[in-house]
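Just the heavy atoms: all of them, side chains too, but no hydrogens, waters or symmetry mates, feed the values below.
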Amino acid sequence: MIMRTWRGWTRAEDADAYAAYLMETGHPGYTSTPGNRGVTFTRRDDGERVEFLLTSIWDSWDAVRAFAGPDPERAVFYPQDDRFLVDRELTVGHYEVFAAG
């Protein structure tokens with residue numbers, strides 16, 4: 001299994017709207033892709049900004065590519081992300097899952 005991680009930041013006043021937007025776009029995008037074993041969306045208040053950390057679990061690299069495209073190291077963005085994000089990682093982290101509980 002593979003864990004995929006990504007982080008992005010919004011202004012504090014946009015955080016609730018971005019969280020709702022993620023649930024409308026990102027969540028179904030992840031969970032409807034075959035080979036996705038789950039996704040966790042988290043957020044942390046950082047003063048004037050809010051950090052979002054998304055983690056997902058995938059069966060294989062083929063499943064990751066089905067979601068992310070041919071370059072799985074690139075982050076996936078949705079049409080209104082530019083409206084909300086003031087900073088973002090353009091690449092993602094991938095980790096081999098060797099134990100889970």
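Between P70 and R65, every side-chain heavy-atom pair lies at or beyond the 4.5 Å cut-off.
Shown here for G47 and A12, the closest heavy-atom pair between the two residues is O-CB, 3.8 Å. For G35 against A63, the heavy-atom pair with the smallest separation is CA-CB, 3.8 Å. When all heavy atoms are compared, the tightest approach of R43 to A19 is NH1-CB, 3.8 Å.
Panel note: side chain T42, backbone L53; a donor-acceptor pair is recorded below 3.5 Å. A side-chain donor-acceptor contact under 3.5 Å links D81 to the backbone of Y78. In this structure a side-chain-to-backbone donor-acceptor pair under 3.5 Å is missing from T33 to N36.
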For residues 85-92, run the donor-acceptor check on the side chains, cut-off 3.5 Å, and write out each pair with its distance to 0.1 Å, sequence neighbours left out.
residue, atom, partner, partner atom, Å
R88, NH1, D82, OD1, 3.2
R88, NH2, D82, OD1, 2.6
E89, OE1, R7, N, 3.0
E89, OE2, R7, NE, 2.9
E89, OE2, R7, NH2, 3.3

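Legend: residues meeting ring pair (Phe, Tyr, Trp, His ring centres under 6.0 Å) with Y30, ordered by chain and number and at least two apart, are F41, F67.
Remark: the W58 side chain and the S56 side chain contain an N/O donor-acceptor pair separated by less than 3.5 Å.
A continuous path of Ile, Leu, Val, Met, Phe, Trp and Tyr side chains, each step under 4.5 Å between heavy atoms, connects F84 with W6, placing both in one hydrophobic cluster. In terms of hydrophobic clustering, with Ile, Leu, Val, Met, Phe, Trp and Tyr side chains grouped at heavy-atom distances under 4.5 Å, V50 and W9 are assigned to different clusters. Following chains of ILVMFWY side-chain contacts shorter than 4.5 Å, one cannot reach V64 starting from M1, and the two form parts of different hydrophobic clusters. Hydrophobic clustering, with ILVMFWY side chains joined whenever heavy atoms are under 4.5 angstrom apart, groups F77 together with Y21.
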Checking H27 against V39 for the side-chain contact (heavy atoms from CB on, under 4.5 Å) test, could you report, in this order, the C-alpha distance in whole Å, the side-chain angles of both residues, the deciding distance, and whether it holds? CA-CA 7 Å; H27 192 271; V39 61; 3.7 Å; yes

Give the intermediate values and the outcome of side-chain contact (heavy atoms from CB on, under 4.5 Å) for residues I2 and W61.
CA-CA 7 Å; I2 299 161; W61 280 106; 3.4 Å; yes

After noting the C-alpha distance and the side-chain angles of V76 and R4, does the key distance pass the side-chain contact (heavy atoms from CB on, under 4.5 Å) rule?
CA-CA 11 Å; V76 172; R4 180 180 169 92; 3.9 Å; yes

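The local environment of CD in E13 is crowded, with over 12 non-hydrogen atoms from other residues, nucleotides or ligands closer than 6.0 Å.
Atom CE of M3 is separated from atom CZ of R37 by 12.5 Å, given to the nearest 0.5 angstrom. Considering CG of D14 and CZ of R83, their distance stands at 7.5 Å, rounded to 0.5 Å.
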